[in-house]
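What you see is a predicted model, and the numbers here were worked out from it, not measured in a lab.
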Amino acid sequence: MLRVPRPSVRLTLVVVSVFFATSVLGVSLLRAANYRPGATAGAPWPSASPSAAPGVEGRCGTVPIKAVRQLRGMWLTTVTNIDFPSRRGLTQAQVKAEYQRWLDLAVAQRHNAIFVHVRPSGDAFWPSAYAPWSEWLTGKRDGKSPGWDPLDYMVREAHARNLEFHAWFNPYRGTQPGPVGPGADFAKLAPNHPLLKHRDWAISYPAGRNGRLYFDPGIPEARKFVEDAMLEAVQKYDIDGVHFDDFFYPYPQAGQDFPDDASFARHGAGKSRAQWRRDNVDTLVREMHERIQQLKPWVKFGISPFGIWRNKTSDPAGSDSKGLEAYDAIYADTRKWVQQGWVDYIVPQLYWHLGFEKADYTKLLPWWTALTKGTDVQLYIGMADYRIGEDGAWSDPGQLDRQMTLNEKSGGVQGQVHFSAKQIRADRLGAVTRYKNKHYASPALVPRMARLPAAPPAAPRLVAAARSGAAMKFEASASGATSWALYRVSGDSAALVATGRAGSEVIDPAAPAGPATYCLSGLDRSGNEGPVSPPIAAS
């Protein structure tokens, strides 16, 4: 555990000289003797020698530390029970057990973040003053509590595994289409659904059986309400990020326009309708960024938009593509959000294969890389795991592997988020195992986010080590860290071998058979790493 050690017997400090096989620590050492922590009572601790020298930044003794900085995550979708919960109306114990298995999958994939759908369509996975309980959880539309707080549980369990928790919200969707959802039928809404009280905020689109209700983005009071509803979760829970996908105004349906005539007449202020709609989305994005910073400045704000802003045939600044344009079709000026710094990270959904004529991955990737270059907005890529096994290019199990290789060579991509969790678990064609073994073979720290508050902790201290099978477990003392990173010396550097949340056991799960030298560092919640501990020799 990362805690101040409390030995049951008095420590006797003996000054010894130790020369390591790696020849990196020819210094005097302080040896902790007769130390027997309760977690391994009855098992003697092997020789473990912490250096008396103070910790330094970026070095384990005399060698540099090396760690991959890469965001690795997956989307866990709750709407219509795509991923989780597996069906509506499960018991608390069943929901918790399923969620634990998803976290186990994330850990096995060496992910460091999870993106969980907590407001899929005007509802909530927490006790909310602004939204009814999600029917995808409770199995009912009566608005009644299931008797526990899923969001609190999900955040705590993710953090226990040192996974960032990004709460994923859909701002303006009010319902899902029938027959699975209530569609545009007010009579089928939960009695505490806000669109029953504010019917003037509701827009039904499209016409027909596929219709659903939306909060009208053109009504300032409706926009403020959905912001408040999402910020309630930021205020109440220790989330690491607020996350949107690409649902603002709905994707167009042939022959139908979004029926917002009334709000446009009242608030359009002489603008074209298209520009007014873009301004409405811009305002939501800007205000959410500002309000999150005011409320909890360490919480990240990111959006995963459709992968094409505009085609260069429409705008010289656009990408070399021929697909739907988010700017024109769904009024999402994604390029502007990056340029204005209204998001901390952006995750374009590049769900097309290499060489696809309308939207070639090899052409869209450099466009997004160029857009974020020189900004402090981090670029991650949304990966189409769900497409593996389709006919054509997606029948090749190496498609995602090659895309991730391009990401790493781009010079600008700082990670990936995979859609979705169920597809990762399925591992069709072995494609997930293939990219995991090549690109996620070792643990990674989340990228530092320089625009967020920084408070690097002081150097921790490794006190003693004990072998447990193939693992090496450590006793350590530290304070002020959100998480820890364990390094093991190999040759002329020390590589990252494990990470964990503060308070969790410090362990190298695959320690070498012979002697090894380790160092430990602490990180703040923005990914800033403090000085590294003095080295310890574990034999």
Side-chain angles (χ1 to χ4, degrees), residues 74-92 94-99 101-102 105 114-126 128 131-144 146 150-151 154 166-190 192-195 202-206 208-215 226 229-230 233 243-251 253 304 306 330 349 351 382 384-390 417-426 428:
M74 64 183 180
W75 282 290
L76 187 64
T77 312
T78 59
V79 65
T80 66
N81 303 104
I82 290 175
D83 293 322
F84 163 77
S86 61
R87 64 182 188 274
R88 296 183 288 180
L90 296 179
T91 66
Q92 176 180 343
Q94 289 171 323
V95 173
K96 287 182 174 180
E98 286 193 357
Y99 183 66
R101 289 194 290 272
W102 288 121
L105 176 66
I114 190 166
F115 297 72
V116 182
H117 218 179
V118 298
R119 178 189 165 90
S121 40
D123 49 359
F125 270 69
W126 72 94
S128 173
W133 280 96
S134 177
E135 66 178 281
W136 317 119
L137 173 72
T138 67
K140 301 177 182 179
R141 295 182 194 142
D142 57 9
K144 293 182 180 179
L151 184 51
M154 291 190 292
H166 292 246
W168 170 15
F169 304 89
N170 289 133
Y172 288 121
R173 284 188 166 185
T175 64
Q176 290 295 323
V180 178
D185 189 345
F186 285 95
K188 293 181 179 179
L189 300 183
N192 61 336
H193 197 294
L195 290 181
I203 291 183
S204 175
Y205 182 85
R209 65 185 183 90
N210 292 324
R212 72 170 87 213
L213 295 176
Y214 290 86
F215 292 83
V226 298
M230 296 182 289
H243 184 76
F244 296 167
D245 53 29
D246 57 343
F247 295 128
F248 299 98
Y249 281 90
Y251 280 84
Q253 300 290 319
S304 178
F306 185 75
I330 55 175
Q349 298 172 23
Y351 292 167
D385 291 54
Y386 75 98
R387 300 201 64 181
I388 298 169
E390 293 180 4
V417 186
H418 298 267
F419 188 83
S420 67
K422 183 180 290 186
Q423 315 306 326
I424 295 173
R425 184 177 65 188
R428 287 195 295 270

- [ ] Can you sort out the partners of Y205 under ring-ring contact (aromatic ring centres under 6.0 Å, His included), two or more places apart, ordered by chain and number?
- [x] F258
Task: For H117, all residues meeting ring-ring contact (aromatic ring centres under 6.0 Å, His included), sequence neighbours excluded - done: W168
Supply the atom-to-atom distance [X] [atom1] to [Y] [atom2], rounded to the nearest 0.5 angstrom.
{"X": "W136", "Y": "I82", "atom1": "CH2", "atom2": "CD1", "answer": "9.5 Å"}
{"X": "F419", "Y": "D245", "atom1": "CZ", "atom2": "CG", "answer": "8.5 Å"}
{"X": "K96", "Y": "L90", "atom1": "NZ", "atom2": "CG", "answer": "13.5 Å"}
{"X": "M230", "Y": "N170", "atom1": "CE", "atom2": "CG", "answer": "9.5 Å"}

Task: For D385, all residues meeting side chain to side chain donor-acceptor pair (under 3.5 Å), sequence neighbours excluded - done: H418, Y435
Open item on the list: A cation-pi test, strictly: NZ or CZ of R119 under 6.0 Å from the centre of the six-membered ring of F215 and no more than 45 degrees from its axis. Yes or no?
Closed with: yes
Are the side chain of [X] and the backbone of [Y] linked by a donor-acceptor contact shorter than 3.5 Å?
{"X": "T175", "Y": "P182", "result": "no"}
{"X": "T77", "Y": "V79", "result": "no"}
{"X": "T91", "Y": "Q94", "result": "yes"}
{"X": "D123", "Y": "S121", "result": "yes"}

Are the side chains of [Y] and [X] in contact, using a 4.5 Å heavy-atom criterion?
{"X": "P250", "Y": "I330", "result": "no"}
{"X": "F186", "Y": "L213", "result": "yes"}
{"X": "W133", "Y": "P150", "result": "yes"}
{"X": "E98", "Y": "S86", "result": "yes"}
{"X": "M154", "Y": "I114", "result": "no"}

Open item on the list: Is there a side-chain contact (heavy atoms from CB on, under 4.5 Å) between R212 and S204? Walk through the geometry before answering.
Closed with: CA-CA 6 Å; R212 72 170 87 213; S204 175; over 6 Å; no
TODO: Take the angle between the ring planes of H243 and W75 and call it parallel below 30°, perpendicular above 60°, tilted in between.
DONE: tilted
Give me the atom names and distance for the closest heavy-atom approach of [X] to [Y].
{"X": "G181", "Y": "R141", "result": "C-NH2, 3.3 Å"}
{"X": "G143", "Y": "A190", "result": "N-CB, 4.0 Å"}
{"X": "S128", "Y": "A131", "result": "OG-N, 3.3 Å"}
{"X": "A229", "Y": "W126", "result": "O-CZ2, 3.4 Å"}
{"X": "M74", "Y": "A421", "result": "SD-CB, 3.8 Å"}
{"X": "Q253", "Y": "P206", "result": "CG-CB, 3.6 Å"}

Open item on the list: Between D246 and Y251, is the side-chain contact (heavy atoms from CB on, under 4.5 Å) condition met? List the steps.
Closed with: CA-CA 9 Å; D246 57 343; Y251 280 84; 2.4 Å; yes
Task: side-chain contact (heavy atoms from CB on, under 4.5 Å) evaluation trace for L76 with F115 - done: CA-CA 6 Å; L76 187 64; F115 297 72; over 6 Å; no
Open item on the list: Could you tell me if T80 and Q176 have a donor-acceptor pair between their side chains, going purely by distance under 3.5 Å?
Closed with: no
TODO: Would you please indicate yes or no on a ring centroid separation below 6.0 angstrom for F84 and Y99?
DONE: yes
Open item on the list: Before we go on, tell me: are the rings of Y386 and Y351 under 6.0 Å apart, centre to centre?
Closed with: yes
Open item on the list: Among residues at least two apart in sequence or on other chains, which ones pass salt bridge (Lys or Arg N to Asp or Glu O under 4.0 Å) with E390?
Closed with: R387
- [ ] Quick one: list whatever passes salt bridge (Lys or Arg N to Asp or Glu O under 4.0 Å) with R173, sequence neighbours left out.
- [x] none
Open item on the list: Before you tell me yes or no, could you show the steps for T78 and L137 under side-chain contact (heavy atoms from CB on, under 4.5 Å), namely the whole-Å CA-CA distance, both residues' side-chain angles and the distance that decides it to 0.1 Å?
Closed with: CA-CA 8 Å; T78 59; L137 173 72; over 6 Å; no
Task: Sequence neighbours excluded, every pair satisfying salt bridge (Lys or Arg N to Asp or Glu O under 4.0 Å) that has a member inside residues 74-89 - done: R88-E135
